[in-house]
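Data first, discussion second: the structure below is written as structure tokens.
Order of the sequence lines sets the chain letters (A, B, ...), proteins ahead of strands, with each chain counted from 1.
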Number of protein chains: 2
Amino acid sequence: MVDAADTLRKHGLPVTAQRVAILSAVHHHPHATADEVAEQVRSKLGSISRQSVYNALNVLTEHGIIRRIQPADSPARYEDRVGDNHHHLVCRSCGRTEDVCCATGHTPCLNASEEHGFAIDEAEVIYWGLCPSCRGGGHASRPHRHSHS
Amino acid sequence: MVDAADTLRKHGLPVTAQRVAILSAVHHHPHATADEVAEQVRSKLGSISRQSVYNALNVLTEHGIIRRIQPADSPARYEDRVGDNHHHLVCRSCGRTEDVCCATGHTPCLNASEEHGFAIDEAEVIYWGLCPSCRGGGHASRPHRHSHS
DNA sequence: TGGGGGCTTTGACAAAGTCCAAATCTGGAT
DNA sequence: ATCCAGATTTGGACTTTGTCAAAGCCCCCA
Ligand SMILES: [Mn+2]
Ligand SMILES: [Mn+2]
Ligand SMILES: [Zn+2]
Ligand SMILES: [Zn+2]
């Protein structure tokens, strides 16, 4: 529960209002996109440039303070929860994203059956499906991204 | 081994020179991007519009004739090999993509530890690492995408 | 008080796709 | 072999998600 400014200082990063607001936004809105973060920050600071949002999200990611996930057909999403090797469950219809603790303990399947000589450092897992509201009743409550004519 | 035109007819799709060329290109260049497919097709047909490449790749994908994979920081890639639940090993540096048979048999980890009420239909796994040429010697042989200053 | 270095802002630019309307082609039926 | 309705292909504009680069700000320090 350390405060955002402290986290920045701890990593030797200059503390700015924008960074503090961005880091807090990510903390309070797990798996938010850059746009969603920008909106949150604007409601706190009044305004912020798009570039500053990307700058901060990038620098925070590079320092391991936050993590970036990039599911297919979605802009990148960011989260606070790092270093615990968890995975994600994503709704094909509305994009809702939930955390899933790694089923097989730490670094799941980190040994692929055939490694082709690669030096593997991460096994990324994404579970795809339909969330309760998107599959129930046939009437979804949020905008859909795939139509399946 | 069936021929591209037959595959199209088998699925009730009108056979066009573009589709045949695109399906063949995907068959002979596994994990190719739309652009790479377009280049291959141009070398056979002389020319093809960007939109036709996307149209065909989309319709082929919807019919399950090919599969689309979308690793982070890469345009979508397409492949012939469908219905065998295999995964991918991607080089963080050059994007080289290799097939990996599912380590845990069929539909690996298709049961996430917490399902959050979702109806899960797929567990996508991507192994990230460095391919032999990108990690060896320090001098890569193909264009890198990440710089890690 | 005068520099510097790092941030932030602006605005241009790029990559990967989609949308649309017009022109062309396919497949099935004469 | 010929026709036609419906599907496909095209070219070009447009969208989304980000990055690049130059200029302006800010704050710390001598
Ligand atoms: Mn998460
Ligand atoms: Mn494959
Ligand atoms: Zn949903
Ligand atoms: Zn490589």
Cluster companions of I69(A) among Ile, Leu, Val, Met, Phe, Trp, Tyr (side-chain spacing under 4.5 Å): none

Determine whether a donor-acceptor pair (N or O, by modelled atom type, separation under 3.5 Å) exists between the side chain of [X] and the backbone of [Y].
X	Y	value
E36(A)	T33(A)	yes
R135(A)	G117(B)	yes
S74(B)	Q70(B)	no

Distance-only donor-acceptor check, side chains D99(B) and H31(B), under 3.5 Å: yes

E79(A) side chain to H86(A) side chain, donor-acceptor N/O pair below 3.5 angstrom: yes

DNA chain C-proximal residues of residues 13-21 of chain A, any heavy atom under 4.0 Å: P14(A), T16(A), Q18(A), R19(A)

Within residues 43-57 of chain B: residues closer than 4.0 Å to DNA chain C (heavy atoms): R50(B), Q51(B), Y54(B)

By side chain to side chain contact (heavy atoms under 4.5 Å, CB included) - contacts of S52(A) (at least two apart): I48(A), S49(A)

Should [X] and [Y] be counted in the same cluster of Ile, Leu, Val, Met, Phe, Trp and Tyr side chains packed under 4.5 Å apart?
X	Y	result
L45(A)	V37(A)	yes
L23(B)	Y54(B)	no
I126(A)	L130(A)	no
L13(B)	V82(B)	no

Stepwise side-chain hydrogen bond (donor to acceptor under 3.5 Å, both in side chains) test for R68(B) and N58(B): CA-CA 9 Å; R68(B) 171 192 292 127; N58(B) 285 340; 2.5 Å; yes

Range on DNA chain D touched by chain B, heavy atoms, distance below 4.0 Å: dA7(D) to dA13(D)

5' to 3' contact window, DNA chain C with chain B (heavy-atom distance under 4.0 Å): dA16(C) to dG27(C)

